[in-house]
Peer 1: 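Dumping the structure here so I can ask a few things about it.
By convention in this document, chain letters (A, B, ...) are assigned in the order of the sequence lines, proteins followed by strands, and residues within each chain are numbered from 1.
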Amino acid sequence: MLEQIVEPLLGWFGEHARILPWREQPQPYRVWVSEIMLQQTRVEAVKPFFERFTQALPDVRSLAECPEDKLLKLWEGLGYYNRVRNMQKAARNMVEFYDGEMPADYEKLLGLPGIGPYTAGAVASIAFEIPVPAVDGNVLRVITRITQNDGDILKQSVKRQVEEELLAVMPKGRSGAFNQALMELGATVCVPNGAPKCEECPLSGVCLAHQNGKEMDYPKKAQKKPRKIEKKTVLVIRDGSRAAIRKRPAKGLLAGLYELPNLSGWLSQDEVLDWLKQEGLSPIRIRRLSDAKHIFSHIEWHMTGYVVLVEELENYFGKDMLFIEPKRTEEEYPIPAAFSAYTAYLQIRLGQEKYDEK
DNA sequence: AAGGCGGGGTT
DNA sequence: AACCCAGCCTT
């Protein structure tokens, strides 16, 4: 049944394909960078990151040699930071084993860090015209609607089944366009969140869900577990000229990025002052900041904050804190968006008059 | 098979 | 507030 979608879909894509930076110059490296960035991330969010990243690191070798802080700075705000670390590992593999080139082979692509079945299929088909499917969330939605597949798309068995069905109908010489057309249709017509635009769809005539008025019932998806809530107290610690940041651990949430010093739980002003003294810092003034919330995919941070002025820090030999000029924290150190409610206080002038509450 | 891993746009 | 995005890796 899916063979019927190929021609109308390719025809539709020819007229409705969006103009995207990575489609203008589809070298394998640029296709790869775009596909990594597009993992769980919308096209509009990726565009400015893609331009900046490919200008700074235009090829596999420059990526392979880039220092980690610069790499994370280029990725700052995009999220899922292991993507870019894995991409660098893959680039180093390409330098070592493939003469600095992307391998034009599905299995070899699949063997590189950060490249799974979707990305291997996307790069293989778009950059090298290898006839393999690239099944992402869009494609799963489109195909389960067309075929009224009741399987839970979060299960890999369902994904494998869709991959097999599509592999059987891949058009030779047009696999890249076909895969992109499926995704484009999912992103712009067969949309999630509300009613799909079936009146614009080139496949409505063969879509079982549409024939039966069941578009909204697909895809089937198991319910997600609720997020865990974590309370935090975030500190903006400054002396006359610098502010405190620290590097997060190499593994886990926001690995390797920089952060404002913070403690778990909501601490009182006195508890914060005690902690500061314990750290070897001498607080002069302290003021409470407004509460803030940051939502990750699996955790919520419910934060409160304080800005603290401390004595000059020549005498500070703290374990993990760095005292950096505010301008440099912005230009050189990747600090994730979770702290955005408080990072502005790294920059503002600490006026006596703004301070003396309590 | 299940859970960890960001951030932001839509509804 | 819930959903979900051109997913992958570790456990």
Side-chain angles (χ1 to χ4, degrees), chain A residues 17-18 20-23 26 31-50 72 75-87 89-90 109-127 133-142 152-160 163 176 178-188 190-196 216 219 221-230 248-249 251-257 259 293-301 334-341:
Chain A
R18 289 171 290 182
L20 301 172
W22 45 91
R23 286 181 180 163
V31 172
W32 174 44
V33 171
S34 73
E35 292 301 340
I36 299 295
M37 287 187 171
L38 286 162
Q39 290 170 4
Q40 296 290 288
T41 310
R42 292 167 195 280
V43 165
E44 290 308 315
V46 164
K47 280 182 183 173
F49 285 90
F50 179 82
L72 289 171
W75 212 264
E76 177 186 28
L78 203 48
Y80 287 140
Y81 297 92
N82 274 334
R83 288 187 291 180
V84 72
R85 268 190 282 260
N86 283 333
M87 202 161 55
K89 287 181 196 166
L109 289 167
L110 190 57
L112 292 165
I115 298 187
Y118 163 74
T119 305
V123 173
S125 62
I126 298 169
V135 176
D136 70 339
N138 287 311
V139 177
L140 285 169
R141 183 171 57 257
V142 170
D152 179 347
I153 61 167
L154 294 180
K155 291 194 181 304
Q156 59 185 32
S157 59
V158 174
K159 192 183 160 196
R160 271 200 304 269
E163 284 168 346
F178 179 66
N179 284 334
Q180 292 183 81
L182 276 171
M183 293 188 273
E184 194 94 346
L185 190 74
T188 62
C190 196
V191 291
N193 297 331
M216 300 285 278
K221 207 167 186 178
Q223 202 175 347
K224 270 193 296 193
K225 291 174 65 174
R227 285 185 288 264
K228 186 198 303 179
I229 293 174
E230 295 182 1
R248 290 179 60 84
K251 295 195 171 202
L253 184 67
L254 302 170
L257 280 77
E259 66 177 0
K293 179 161 68 172
H294 186 82
I295 301 174
F296 299 94
S297 46
H298 59 301
I299 301 172
E300 291 183 20
W301 280 0
I335 300 176
F339 295 95
S340 61

Peer 1: Look at all strands and tell whether A:Ala338 reaches a base, only sugar-phosphate, or nothing, counting heavy atoms closer than 4.0 Å.
Peer 2: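 Sugar-phosphate contact only - A:Ala338 comes under 4.0 Å of backbone atoms but never of a base.
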
Peer 1: Which residues satisfy the side-chain contact (heavy atoms from CB on, under 4.5 Å) test with A:Pro26, sequence neighbours excluded?
Peer 2: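 In terms of side-chain contact (heavy atoms from CB on, under 4.5 Å), with neighbours along the sequence ignored, A:Pro26 is linked to A:Val31.
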
Peer 1: Under the rule for side-chain contact (heavy atoms from CB on, under 4.5 Å), what residues qualify as partners of A:Phe50, not counting sequence neighbours?
Peer 2: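 A:Phe50: side-chain contact (heavy atoms from CB on, under 4.5 Å) contacts with A:Pro21, A:Trp22, A:Arg30, A:Val33, A:Ser34, A:Met37, A:Val46, A:Thr54.
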
Peer 1: Just jot down the ring pair (Phe, Tyr, Trp, His ring centres under 6.0 Å) partners of A:Phe296, sequence neighbours excluded, or say none.
Peer 2: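 Result, ring pair (Phe, Tyr, Trp, His ring centres under 6.0 Å) vs A:Phe296: A:His294, A:Trp301.
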
Peer 1: If the condition is salt bridge (Lys or Arg N to Asp or Glu O under 4.0 Å), which residues does A:Glu184 pass it with, not counting sequence neighbours?
Peer 2: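 Here the qualifying residues are A:Arg18, A:Arg23.
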
Peer 1: Which residues pass the side chain to side chain donor-acceptor pair (under 3.5 Å) test with A:Glu259, not counting sequence neighbours?
Peer 2: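 Only A:Arg246, A:Arg248, A:Asn262 meet the side chain to side chain donor-acceptor pair (under 3.5 Å) criterion with A:Glu259.
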
Peer 1: Which is true for A:Ala45 with a 4.0 Å heavy-atom rule: it touches a base, it touches only sugar-phosphate, or it touches nothing?
Peer 2: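 It contacts nothing in the nucleic acid.
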
Peer 1: Which side-chain N or O atoms in residues 110-117 of chain A pair as donor and acceptor under 3.5 Å with protein atoms at least two apart or in another chain?
Peer 2:
none

Peer 1: Could you check A:Arg160 against A:Phe296 and say which one's nearest nucleotide on DNA chain B is further toward the 5' end?
Peer 2: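 Residue closer to the 5' terminus by nearest nucleotide: A:Arg160.
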
Peer 1: Using a 4.0 Å heavy-atom cut-off across all strands, classify A:Asn179 as base, sugar-phosphate, or nothing.
Peer 2: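 Nothing: the residue A:Asn179, judged by heavy atoms under 4.0 Å, touches no strand.
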
Peer 1: Relative to the 5' end of DNA chain B, which residue comes earlier, A:Ser157 or A:His294, by the nucleotide with the nearest heavy atom?
Peer 2: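 Per heavy-atom nearest nucleotide, the more 5' residue is A:Ser157.
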
Peer 1: Is the backbone N or O of A:Gln39 less than 3.5 Å from a side-chain atom of A:Thr41, with the two atoms forming a donor-acceptor pair by type?
Peer 2: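 Yes.
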
Peer 1: Quick one: A:Leu110 CG to C:dC8 P, roughly how many Å, whole number?
Peer 2: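 So the two atoms are 9 Å apart, to the nearest Å.
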
Peer 1: When the P atoms of B:dG3 and C:dA6 are compared, how many Å lie between them, rounded to an integer?
Peer 2: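 To the nearest whole Å, 24 Å.
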
Peer 1: Contact boundaries of DNA chain B with chain A (under 4.0 Å, heavy atoms), 5' to 3'?
Peer 2: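 The protein-touched segment is B:dA1 to B:dT11.
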
Peer 1: Test of understanding: with side chain to side chain donor-acceptor pair (under 3.5 Å), list the residues that count as partners of A:Asn138, not counting sequence neighbours.
Peer 2: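 Side chain to side chain donor-acceptor pair (under 3.5 Å) check on A:Asn138 returns A:Asp136, A:Arg141.
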
Peer 1: Please encode protein proximity along nucleotides 1-7 of chain C as a string of B, S and -, counting only heavy-atom distances under 4.0 Å.
Peer 2: S-BBBBB

Peer 1: What's the gap between B:dG6 and C:dT10 when it is taken at their P atoms, as a whole Å value?
Peer 2: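 One P to the other, the span is 14 Å.
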
Peer 1: Reckon A:Ile36 touches a base, only the sugar-phosphate, or nothing at all at heavy-atom distances under 4.0 Å?
Peer 2: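 If one applies the 4.0 Å heavy-atom cut-off, A:Ile36 turns out to touch nothing in the nucleic acid.
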
Peer 1: What does A:Glu44 touch in the nucleic acid at a heavy-atom separation under 4.0 angstrom: a base, only the sugar-phosphate, or nothing?
Peer 2: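 Nothing, no heavy atom under 4.0 Å.
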
Peer 1: With no hydrogens and no angle check, is any side-chain donor or acceptor of A:Arg83 less than 3.5 Å from a backbone partner on A:Ile36?
Peer 2: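 The answer is yes, because a donor-acceptor pair under 3.5 Å joins these two groups.
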
